[in-house]
Amino acid sequence: MKENARSIETVALPELPVTQLRRDLRQWYAESGRRLPWRERDDPYLIWVSEIMLQQTQVKTVIPYYQNWLSRFPDLATLAKADLQDVLKAWQGLGYYARARNLHKAAGAVVRQHGGIFPQQLDDVLALPGIGRSTAGGILSAAFNQPVSILDGNVKRVLSRLIALSVPPAKALPQLWQLSDTLLDRENPRDFNQALMDLGATLCTPKNPGCLLCPWRTSCKAYNLEKQSEIPMRETRFPLPHKHIGVAVIWNDRQQLLIDRRLDSGLLGGLWEFPGGKIEPGETIEACIAREIQEELGIEVEVGERLITVEHAYTHFRVTLNVHHCRHLHGEPQAIECQEVRWVTLEEIDRFPFPKANTLIIEALREFANGEPTSAPIRNELR
DNA sequence: AAACCGTGGCA
DNA sequence: TTGCCAAGGTT
C-alpha cells in the first residue's frame with residue numbers, strides 16, 4: 001500500500017482530543033457494543049470467515065450464512081479439502097462469489113505454506129487472495145489483538161463526519177487511513193476497531209444518525225455544523241444500463257434440463273445457469289434463444305412458450321430474463337463458451353450452485369412441474 | 001487506476 | 001419504481 005504523501009501534507013488533519021475519544025468510545029462499546037457470533041472466540045479461522053462474508057454485506061444478511069458455513073466447514077483444514085462446488089453452494093445467494101473462490105484458494109495456501117496455521121504477520125496475511133488492507137487489519141486486531149487499523153464503510157463514514165470531510169471518502173483515502181491509524185487505541189486495538197464499526201453500523205448510520213446518543217458528538221465536526229446528513233459526500237453515478245436476455249430451459253425426452261457452468265473468472269464465476277444471451281436490436285426473443293443456443297452449445301432447439309420473466313439488478317446493470325421452454329431437437333451439447341454442460345432432473349438441480357436470478361427460474365419450474373397455473377410475470381422484488 | 005463484482009433493504 | 005448503500009478486493 002503506497003501512501004500519497006502529497007495529499008497528506010496539503011489536507012491537514014484537525015486537532016483531536018485523541019485520548020478522550022478513545023476513552024469515550026471504549027465506555028460506549030462496553031455498554032452498547034453488539035454481541036455477534038464471531039466475537040465469541042478468537043480463532044483466526046472463525047474471524048477470517050466472518051470478515052470475508054462481511055465485505056460489502058450487512059451483518060443481518062451474513063449471520064445465517066455464517067452459521068451454515070461453520071456447520072459444513074468447521075475448521076480451516078476442512079475448507080481446504082472441500083470441493084469448490086460445495087463451497088460455492090454454501091455461498092449461494094450471498095453474492096460476490098469471488099470471495100468464496102478466494103477463501104477456498106487461500107485455505108489451501110495456508111495449509112501448504114503455513115502448515116495449516118493462519119499466519120500472524122501482516123505481509124503473510126495480505127498475500128492471501130481476497131484479503132486486502134482493511135480485512136487484514138480486521139482479522140489481526142480481532143484474532144490477535146494486534147494494533148493494525150481498518151477502513152471499511154462504517155469507519156469511512158464515522159471518520160468523514162468526525163472531521164467534516166469536504167470531499168467523497170474515495171478522494172481522501174490516505175487521510176482517512178492516517179486518521180484511523182492515529183486514533184487506534186494501541187492498548188486495546190481489538191475493542192477499538194470493533195467499537196468503531198459498531199458505532200458506524202448502529203449510531204453513525206447513513207440516514208438518520210443517532211447523534212444524541214453518540215459518544216463522539218462533542219468532538220464531531222459534522223454534528224457541530226449540523227451537516228451529518230450531507231457527510232459523507234457522494235459521487236455522482238450514471239444510470240444503470242438495461243440488458244434484455246433470452247434464456248432457454250431446454251428439455252430432452254427424458255424430462256431432463258440442460259444447465260451450464262460459467263467460466264471461473266468474471267460475473268457469477270463458477271456458478272451454474274440456464275443458457276442464453278443478449279437479444280440483438282430488432283430480434284425476437286425466440287430467434288435470440290435459438291441463435292444463442294446454437295452458438296454457445298452447438299445444438300438445435302425448438303423454442304416453445306414463455307415460462308417466466310425475471311427482473312434483476314446487478315451492481316453495474318439491470319437485466320430482464322425472458323425465459324422460454326425449449327425442446328432439444330438434435331446435436332450433442334458442447335461446452336463452447338462455458339466450463340461444463342450437464343443434463344439434470346428437477347430432483348438433482350438443488351445440488352448445484354445457482355445465482356439468485358436463476359433460482360427464481362427453478363422455482364417457476366417447480367410450479368410448472370407441479371401443474372400450478374402460470375401467473376403473470378413474476379417480479380424479483382415481489383418474491 | 002477506473003471498472004468490475006451480487007444481493008437485500010430502505011425510502 | 002428507482003437509486004442508494006452495505007465489515008472491499010482484484011485487475
Side-chain angles (χ1 to χ4, degrees), chain A residues 1-2 4 34 36-39 47-66 88 91-103 105-106 125-139 141-142 149-158 168-171 173 176-177 180 193-202 204-208 229 232-242 262-271 273 310-319 353-360 379-383:
Chain A
M1 255 326 139
K2 199 170 62 172
N4 187 335
R34 292 174 294 181
L36 298 170
W38 42 89
R39 287 182 182 167
I47 309 278
W48 174 33
V49 170
S50 77
E51 289 288 339
I52 302 301
M53 286 190 171
L54 287 162
Q55 289 170 356
Q56 300 293 98
T57 310
Q58 296 183 342
V59 165
K60 185 183 172 187
T61 305
V62 164
I63 286 178
Y65 280 90
Y66 183 74
L88 286 171
W91 205 271
Q92 175 177 309
L94 248 193
Y96 287 140
Y97 298 94
R99 295 184 293 172
R101 298 195 304 273
N102 285 331
L103 200 43
K105 189 175 174 187
V125 175
L126 282 172
L128 297 172
I131 301 182
R133 182 173 175 185
S134 190
T135 299
I139 296 172
S141 62
S149 53
I150 58 172
L151 190 63
D152 65 354
N154 289 311
V155 179
K156 284 176 189 166
R157 187 171 56 256
V158 170
K171 300 246 188 292
L173 292 182
L176 290 171
W177 270 111
S180 178
N193 281 345
Q194 298 297 317
L196 206 46
M197 289 190 283
D198 277 15
L199 189 61
T202 65
C204 196
T205 47
K207 293 170 188 170
N208 304 318
S229 59
M233 298 188 61
R234 333 188 196 298
E235 311 260 18
T236 57
R237 292 184 190 176
F238 281 90
L240 299 182
H242 194 134
R262 296 173 62 91
L263 302 180
D264 274 331
S265 60
L267 185 71
L268 308 169
L271 274 69
E273 66 176 2
V310 177
E311 302 284 347
H312 190 77
Y314 295 97
T315 308
H316 285 80
F317 60 93
R318 299 172 175 281
V319 290
F354 283 89
K356 174 65 180 168
N358 275 254
T359 65
L360 299 176
R379 295 295 183 115
N380 184 357
E381 54 271 22
L382 296 181
R383 307 291 301 186

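Bear in mind the structure is a predicted one, so any value in this text is a computation, not a measurement. Numbered from 1 within each chain, the chains take letters A, B, ... in sequence-line order.
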Please state the [atom1] separation for the pair [N] and [M] - nearest whole angstrom.
N	M	atom1	result
B/dA1	C/dG9	C1'	14 Å
B/dA3	C/dA7	C1'	22 Å
C/dC4	B/dG6	C1'	15 Å

So, A/S134 side chain and A/L151 main chain: donor-acceptor pair closer than 3.5 Å or not?
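Confirmed, A/S134 side chain pairs with A/L151 backbone.
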Hey, is the main chain of A/Y96 close enough, under 3.5 Å, to the side chain of A/Q56 for a donor-acceptor pair?
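Looks like no, no N/O pair under 3.5 Å.
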Rounded to the nearest angstrom, tell me the gap between atom [atom1] in [X] and atom [atom2] in [N].
X	N	atom1	atom2	answer
A/Q58	C/dC5	CD	P	13 Å
A/I131	C/dT11	CD1	C1'	18 Å
A/W48	C/dG9	CH2	C1'	15 Å
A/L240	C/dT1	CG	C1'	13 Å
A/E51	C/dG9	CD	C1'	13 Å
A/Y65	B/dG8	OH	P	7 Å
A/L54	C/dG8	CG	P	8 Å
A/R237	C/dC4	CZ	P	6 Å

Pairwise distance [atom1]([X]) to [atom2]([Y]) - rounded to 0.5 angstrom:
X	Y	atom1	atom2	value
A/C204	A/L196	SG	CG	9.0 Å
A/L263	A/L268	CG	CG	11.5 Å
A/Y97	A/Q92	OH	CD	6.5 Å

Are any of A/T135's side-chain N or O atoms less than 4.0 Å away from OP1 or OP2 of C/dA7?
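False: A/T135 side-chain N/O out of range (4.0 Å or more) of C/dA7 OP1/OP2.
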So, OP1 or OP2 of C/dG3: does either fall under 4.0 Å of a side-chain N or O from A/R318?
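Checking A/R318 against C/dG3: at least one side-chain N or O falls below 4.0 Å of OP1 or OP2.
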Closest nucleotide among C/dA7, C/dT10, C/dG3 to the A/P239 side chain
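Nearest nucleotide to the side chain: C/dG3.
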When you get a sec, tell me which of C/dC4, C/dA7, C/dT10 is the closest nucleotide to the side chain of A/L36?
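Looking only at heavy atoms from C-beta outward on A/L36, the closest nucleotide is C/dA7.
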Base, sugar-phosphate, or nothing for A/L126, non-hydrogen atoms under 4.0 angstrom?
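Nothing, no nucleic acid heavy atom in range.
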For A/W38, answer base if it contacts any base atom (sugar-phosphate contacts may also be present), sugar-phosphate if it contacts only those atoms, and nothing otherwise; contact means non-hydrogen atoms under 4.0 Å.
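Result for A/W38 = base.
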Nucleotide-resolved protein contact map, nucleotides 2-7 of chain B, B/S/- at heavy-atom distance under 4.0 Å:
--BBBB
Would you call A/D198 and A/R39 a salt bridge, taking side-chain N to carboxylate O under 4.0 Å as the test?
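Yes, A/D198 and A/R39 are salt-bridged.
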Looking at A/R262 and A/E273, does any basic side-chain N land under 4.0 Å from a carboxylate oxygen?
yes
Would you say the side chain of A/R234 and the base of C/dA6 hold a donor-acceptor pair, judged only by whether the two atoms sit under 3.5 Å apart?
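When only heavy-atom distances are counted, A/R234 does not reach the base of C/dA6 through any donor-acceptor pair under 3.5 Å.
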Side-chain H-bond candidate by donor/acceptor type, A/N154 with A/R157, under 3.5 Å:
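The answer is yes; a qualifying pair exists.
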Listed in order of residue number, which residues of residues 149-157 of chain A have a non-hydrogen atom at under 4.0 Å from DNA chain C?
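Heavy-atom cutoff 4.0 Å gives A/D152, A/G153, A/N154, A/R157.
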Comparing A/N208 and A/T61 on DNA chain B - which has the more 5′ nearest nucleotide:
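Result: A/T61.
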Check whether any side-chain heavy atom of A/K156 lies under 4.5 Å from a side-chain heavy atom of A/D152, and answer yes or no.
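They are not in side-chain contact.
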Excluding sequence neighbours, so at least two apart, what forms side-chain hydrogen bond (donor to acceptor under 3.5 Å, both in side chains) with A/N193?
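For A/N193 the side-chain hydrogen bond (donor to acceptor under 3.5 Å, both in side chains) partners, ignoring immediate neighbours, are A/S141.
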